[in-house]
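In listed order, ligands and their atoms are each counted from 1. Counting from 1, the numbers follow the sequence of the chain as shown.
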Amino acid sequence: MSTSAVGTLRLPARIHVGEGSRAQLPTLLAGYGRRALALVDPYVAGTPLFAELLGALRGAGLEVRVSTDVQPELPAASLDASGDLARAYAPDVILAVGGGSVLDAAKLVALLAAHGGPLNRYYGENAVPGPVTPVVAVPTTAGTGSEVTPVAVVSDPDRELKVGISSLYLVPAAAVVDSELALGAPAGVTAHSGIDALVHVVESYTAAPLSPPWDGVLPVFTGRNVFSDTIALEAAGRLARWLPVAVRDPQHREARANLAYGSLLGGMSFGATGTHLSHALQYPVGALTHTPHGLGTGLLLPYVLEAIRGEQETDRRLAELGAALGSSAPSTAGRVDDAISAIVRINGEIGLPGSLADLGVTADQLSRIAELGLASARLVAIAPVPVTHGLLLGILERAHVGALRERSTR
Ligand SMILES: NC(=O)c1ccc[n+]([C@@H]2O[C@H](COP(=O)([O-])OP(=O)(O)OC[C@H]3O[C@@H](n4cnc5c(N)ncnc54)[C@H](O)[C@@H]3O)[C@@H](O)[C@H]2O)c1
Ligand SMILES: [Fe+2]
């Protein structure tokens, strides 16, 4: 194991986690000013819990304008329109209450409110010119970790795939992670968002060691990282243990609390390192099949792990993940096998489809998916192995037939 300590961590200035922590919001928001724009998930906006929160904010003297205009897949044009409205309202702070879609939308509205559009000026890495309107992020799903990450993902009809905007300026000013907000969420939402958190943790822990250019502009995602190494392992066991419980029993408070914390840790971890091949391949798979982000990353992850195993340090890391997921196999290879099997088993328990064919992907589409995956240069660079079209095609062919499916019963 390397003894060198190299890392970068960029996080919100405040993070609160715990059931009931939303009670901090009136004081927290007032610290930024009096005018708040609240971007709220349309489902969540109709719940008594949100009505109560809004009452508390207004009761504390805040002027809050609520918008639920967050469209699925975040089309760039819809965000440009929201950005214009936000610029006119000139909020002191943007409150985001929702899943990853709402949190990502809020980061981009904050960017547009501060610097103007169109959004496509900022596509890619490090194109945001400076600080944005402060965002206070309150997740209502346990999954994306977007409440602490420097990235937001949008769709654009001019692009075949969804496109990321990443900048350290997109890290929210504060995150309030209150697991009660996800209590009762349906099994599908819980499964698809929760498995993505586990993918973030595993891909972050197995990220490539990049050499940061300390004397230049740092990339947003800096590869394997001393901070993430600790954070990711802590999250893996909690997510693996509690995700199936929350899917089975949506009202399970302890499961929700562990998932909320695990997903927050996942964001803290991958927000620094980046993610790699399950994400590179999910973007084209998602574009083709219109299936949720986490469904694709979760399904692909075991096949990605099969493909990256073999190098000593990666195997050591996969074995540690295996142990965090419950393996007590005596050998490294046995623990790596167990890590892969555990993820296949969790996927089965939470009802994910077992193969890309089940999603409607056909064999003749695999080569094009691999091509598009390879073109995600930022994600491919974070993989711990050299990535070729052949490597990606191999992953996709195994995932297409669900070659690991039988491991779910071991
Ligand atoms: N910025 C990042 O770091 C990052 C990381 C991963 C994914 N993402 C993005 O996040 C998005 C996915 O986010 P998501 O998985 O949180 O889903 P989501 O925000 O798209 O929400 C999915 C569904 O769940 C519902 N929902 C939200 N909270 C609920 C609750 N408490 N109870 C019941 N229903 C609820 C929503 O109304 C919606 O119908 C994708 O667009 C993906 O690209 C961003
Ligand atoms: Fe993800």
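- Ligand 1 has no nitrogen or oxygen under 3.5 angstrom from a nitrogen or oxygen of F270.
- Counting the atoms of ligand 1 from 1 in the order shown, those under 4.0 Å from a heavy atom of T141 are 16 (O), 27 (C), 28 (N).
- Where the criterion is an N or O separation shorter than 3.5 Å, residue side chain and backbone included, S101 meets it with respect to ligand 1.
- Contacts of L103 with ligand 1, taken as heavy-atom pairs under 4.0 Å, are absent altogether.
- Judged by the shortest distance from any of its heavy atoms, H200 lies inside the 4.0 Å radius around the atoms of ligand 1.
- Under a 4.0 Å N-O distance rule, the pair D80/R87 does not qualify as a salt bridge.
- Nearest non-hydrogen protein atom to atom 34 (N) of ligand 1 is Y43 CD2, 3.6 Å.
- More than 12 heavy-atom neighbours from other residues, nucleotides or ligands sit within 6.0 angstrom of CD on Q251.
- T190 and R256 share a side-chain donor-acceptor pair at under 3.5 Å.
- Side chain to side chain, S204 and S269 meet the donor-acceptor criterion of an N or O pair below 3.5 Å.
- Residue-to-ligand polar distances place D41 within reach of ligand 1: an N/O pair is separated by less than 3.5 Å.
- With respect to the salt-bridge test (charged N to carboxylate O, under 4.0 angstrom), the residues R253 and E19 qualify.
- Side-chain contact of E203 with S278: a donor-acceptor pair under 3.5 Å is present, judged by distance alone.
- Side chains of T289 and T291: a donor on one and an acceptor on the other come within 3.5 Å.
- Of all the heavy atoms of T144, the ones lying under 4.0 Å from any atom of ligand 1 are found in both the backbone and the side chain.
- Protein heavy atoms all stay at least 4.0 Å away from atom 21 (O) of ligand 1.
- Not a single N or O atom of H293, backbone or side chain, sits closer than 3.5 Å to an N or O atom of ligand 1.
- Looking at V102 next to ligand 1, no N or O pair under 3.5 Å apart turns up.
- Side-chain contact between R22 and H16 is absent, with no heavy-atom pair separated by less than 4.5 Å.
- No side-chain heavy atom of P129 sits under 4.5 Å from any side-chain heavy atom of S167.
- Not one N or O of Y283 is nearer than 3.5 Å to an N or O of ligand 1, by distance alone.
- Within the 4.0 Å heavy-atom criterion, the part of A182 lying near ligand 1 is the backbone and not the side chain.
- Summary: NE2 is the N/O/S atom of H279 found nearest to the Fe ion (ligand 2).
- Distance from atom 3 (O) of ligand 1 to its nearest protein heavy atom, with residue and atom name: T149 OG1, 2.7 Å.
- With the Fe ion (ligand 2) as the vertex, atom OD1 of D196 and atom NE2 of H293 span an angle of 90° (nearest 10 degrees).
- Not close to ligand 1: G143, with no non-hydrogen atom less than 4.0 angstrom away.
- Residue V153 has no nitrogen or oxygen atom sitting less than 3.5 Å from a nitrogen or oxygen atom of ligand 1, judged on distance alone.
- With a heavy-atom cut-off of 4.0 Å, V151 touches ligand 1 through backbone and side chain alike.
- Geometric assessment of R317 against the ring of Y205 yields a positive cation-pi assignment under the 6.0 Å and 45° thresholds.
- L170 has its side chain within reach of L108: a pair of non-hydrogen atoms, C-beta onward, lies under 4.5 Å apart.
- Seen from the ring of Y89, R65 counts as a face-on cation partner, given the 6.0 Å and 45° thresholds.
- Put simply, atom 14 (P) of ligand 1 has protein non-hydrogen atoms near it, under 4.0 Å away.
- Using a non-hydrogen distance threshold of 4.0 Å, P186 registers as a contact of ligand 1.
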